[in-house]
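Below, read A as the first sequence line, B as the second, and so on, with proteins coming before strands; counting in each chain starts at 1.
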Amino acid sequence: MNPKNSFFELPIVTRAGQFLARYSEKGLAGLDFPAGRASPRAAKKEIVRAKIRAWHRVTETALKNILAGRKPKKLPPLDLAGTEFQKSVWNALRKISIGKTKSYGEIAEAIGKPKAVRAVGGACGANPVPVLVPCHRVLAANKKLGGFSGGLDWKRSLLAREGVSLPSAG
DNA sequence: TCCGTATTGAACT
DNA sequence: AGTTCAATACGGA
């Protein structure tokens, strides 16, 4: 009985595809982009606690709101596994509101380590809960896209949904 | 300890 | 305008 394996994975079906939310006993621990294939292993036989079902409802609503370009009223509790540095970065990311962007350098300054720009990029890539923790709102200094673990198409798409216009070829 | 990284800014062509 | 290079902080092996 590994506590590590006791994650609950539940699908979230949106217009943009089927996301996969992963919950620990403490809250939302991960969110995966649609993988192209609907993973049936998400539907487990295990009894999902009412607690987690409630979180899942909140997650679903929040995710759909963001995909529609609206600010979610409520987020589920987050159980993000990471170092203190990463958590401080993710916390800073959550302060970026819908439709706004910041650069990696600005995030680095926000957490009091202005030189740690590259490390900030690393922490963004390690973000277990994209979209809800808006790692996609971080651009490079010259408004270039930078990178995105879910694929640059997703980053572009998410920003477009929030009304952010990119200077890409324009 | 060494290597890679979703950076950045400056120098060079 | 595109390319290369060094600086820098952090995480994984």
In chain order, what residues pass the ring pair (Phe, Tyr, Trp, His ring centres under 6.0 Å) check against [X], with sequence neighbours excluded?
X     : value
A:F85 : none
A:W90 : none
A:Y23 : A:H56

_Please list all pairs meeting ring-ring contact (aromatic ring centres under 6.0 Å, His included) that have one or both residues in residues 112-161 of chain A, counting only residues at least two apart or in different chains._
A:F19-A:W154, A:F33-A:F148, A:F33-A:W154
*Given the rule that a pair is Watson-Crick or G-U wobble with both distances under 3.5 Å, how would you write DNA chain C in dot-bracket, using | for pairs to a different strand?*
|||||||.|||||
*asked:* Students should find this one: the first and last nucleotides of DNA chain C, 5' to 3', lying under 4.0 Å from a heavy atom of chain A. What are they?
replied: C:dA7 to C:dG11
Donor-acceptor list for residues 69-78 of chain A side chains, cut-off 3.5 Å, not counting sequence neighbours:
{"from": "A:R70", "atom 1": "NE", "to": "A:N65", "atom 2": "OD1", "distance (Å)": "3.2"}
{"from": "A:R70", "atom 1": "NH2", "to": "A:N65", "atom 2": "OD1", "distance (Å)": "3.1"}

*So which of residues 80-99 of chain A are in contact with DNA chain C, with a heavy-atom cut-off of under 4.0 Å?*
A:T83, A:F85, A:Q86
*Can we say A:E84 and A:K87 salt-bridge, meaning some charged N sits less than 4.0 Å from an Asp/Glu carboxylate O?*
yes
*Nucleotide-resolved protein contact map, nucleotides 6-13 of chain B, B/S/- at heavy-atom distance under 4.0 Å*: BBSS----
*When clusters are formed by joining ILVMFWY residues with side-chain heavy atoms under 4.5 Å apart, either directly or through shared neighbours, do A:V13 and A:L10 land in the same one?*
no
*asked:* Are A:I66 and A:V164 linked, directly or through intermediate hydrophobic residues, by side-chain heavy-atom contacts shorter than 4.5 Å (ILVMFWY only)?
replied: yes
*What residue pairs, at least two apart or across chains, pass salt bridge (charged side-chain N to carboxylate O under 4.0 Å, His left out) with a residue in residues 125-142 of chain A?*
A:R137-A:E162
_Under the salt bridge (charged side-chain N to carboxylate O under 4.0 Å, His left out) definition, can you give me all pairs with a residue in residues 19-33 of chain A, not counting sequence neighbours?_
A:E9-A:R22, A:R22-A:D32, A:E25-A:R49, A:E25-A:K51
*Would you call A:L139 and A:L145 a side-chain contact if the rule is heavy atoms closer than 4.5 Å?*
yes
*Could you tell me whether A:A119 contacts a base, only the sugar-phosphate backbone, or nothing, with contacts defined as non-hydrogen atoms closer than 4.0 Å?*
base
Side-chain donor-acceptor pairs of residues 91-109 of chain A under 3.5 Å, sequence neighbours excluded:
{"from": "A:S103", "atom 1": "OG", "to": "A:G105", "atom 2": "N", "distance (Å)": "3.4"}
{"from": "A:S103", "atom 1": "OG", "to": "A:E106", "atom 2": "N", "distance (Å)": "3.1"}
{"from": "A:E106", "atom 1": "OE1", "to": "A:S103", "atom 2": "N", "distance (Å)": "2.8"}

